[in-house]
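Please read the structure below before turning to the comments.
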Amino acid sequence: MAYCTITDLKVHNPKRTYSATTTPTEDQVNELIDQVAADIDNALQSQGYTVPATSPTNFVEHLKWVNAMGAAALAEMGMFPESQVGATPHGNALYKVYKDKLDALRRGEIPAALSPGSSSSPVASFYTEMADQDGFPEPAFRKSSNDLEF
């Protein structure tokens with residue numbers, strides 16, 4: 001389930017039109033929207049969220065913005081496939097913001113005010129920090145009672 005529509009995407013690319021005869025086509029842009037939504041859902045699932053996210057409203061609105069930003073960047077790149085990375089300065093800027101927001105979701109950096117299930121508490125975990133260079137986070141609690149750390 002996508003978090004945005006092609007209308008939401010057009011806010012970021014107001015000078016672009018998408019139809020059956022444009023590159024990319026309107027159908028291709030809708031596919032990009034779905035692909036970006038899948039990336040967002042994967043990032044949320046990696047942090048233990050049930051997807052698609054449906055509440056709270058302000059969190060879903062944030063995801064709609066991220067979805068629209070990512071799909072707008074990819075649509076801009078598709079419009080100029082012969083160009084270097086990002087197609088245009090506008091496409092590069094859109095893509096950078098999208099990737100930064102997606103990476104933040106992957107790291108669990110969701111502002112407390114946007115956190116699902118709570119309007120005042122941040123996203124929590126039973127780990128003390130994010131994954132180390134081996135890909136494993138340090139647990140807050142250990143199996144042995146001699147190793148308990150708080």
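As the structure is a prediction and not an experimental result, all values here were calculated from the model.
When all heavy atoms are compared, the tightest approach of L44 to A53 is CD1-CB, 4.3 Å. Listed here is the closest heavy atom pair of A73 and G91: CB-O, 4.1 Å.
Taking D103 as the reference, R106, R107 meet the side-chain contact (heavy atoms from CB on, under 4.5 Å) condition, with sequence neighbours excluded. Every residue two or more places apart in sequence or in another chain was checked for a side-chain contact (heavy atoms from CB on, under 4.5 Å) with T50, and none qualifies. Listed by chain and residue number, D100 satisfy the side-chain hydrogen bond (donor to acceptor under 3.5 Å, both in side chains) test with K96 (two or more places apart in sequence, or in another chain). The side-chain hydrogen bond (donor to acceptor under 3.5 Å, both in side chains) search around T17 returns none, not counting sequence neighbours. In terms of the side-chain contact (heavy atoms from CB on, under 4.5 Å) criterion, residue partners of K101 (sequence neighbours excluded) are, by chain and number, H62, W65, V66, V97.
A donor-acceptor pair under 3.5 Å links the side-chain atoms of T22 to the main chain of P24, judged by distance alone. Looking at Y3, its side chain never comes within 3.5 Å of a backbone N or O of P52 through a donor-acceptor pair. Judged purely by atom type and a 3.5 angstrom limit, D8 has no side-chain atom pairing as donor or acceptor with the backbone of A68. Although no hydrogens or angles enter the test, the distance criterion places no donor-acceptor pair under 3.5 Å between the side chain of H12 and the main chain of G70.
Proximity of Y98 to V36: side-chain heavy atoms (C-beta onward) are separated by under 4.5 Å at one or more points.
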Listing, residues 26-33 side-chain donor-acceptor contacts under 3.5 Å, not counting sequence neighbours, or none:
from, atom 1, to, atom 2, distance (Å)
Q28, OE1, T25, N, 2.8
Q28, OE1, T25, OG1, 3.4
N30, ND2, E26, O, 3.2
E31, OE2, Q35, NE2, 3.4

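The structure places CG of D39 at 11.5 Å from CG of D34, a figure rounded to the nearest 0.5 Å. Atoms CG and CG, on L105 and N42 in that order, are 11.5 Å from each other to the nearest 0.5 Å. To the nearest 0.5 angstrom, T23 atom OG1 is 12.0 Å from R16 atom CZ. With values rounded to the nearest 0.5 angstrom, E61 atom CD is found 8.5 Å from N58 atom CG.
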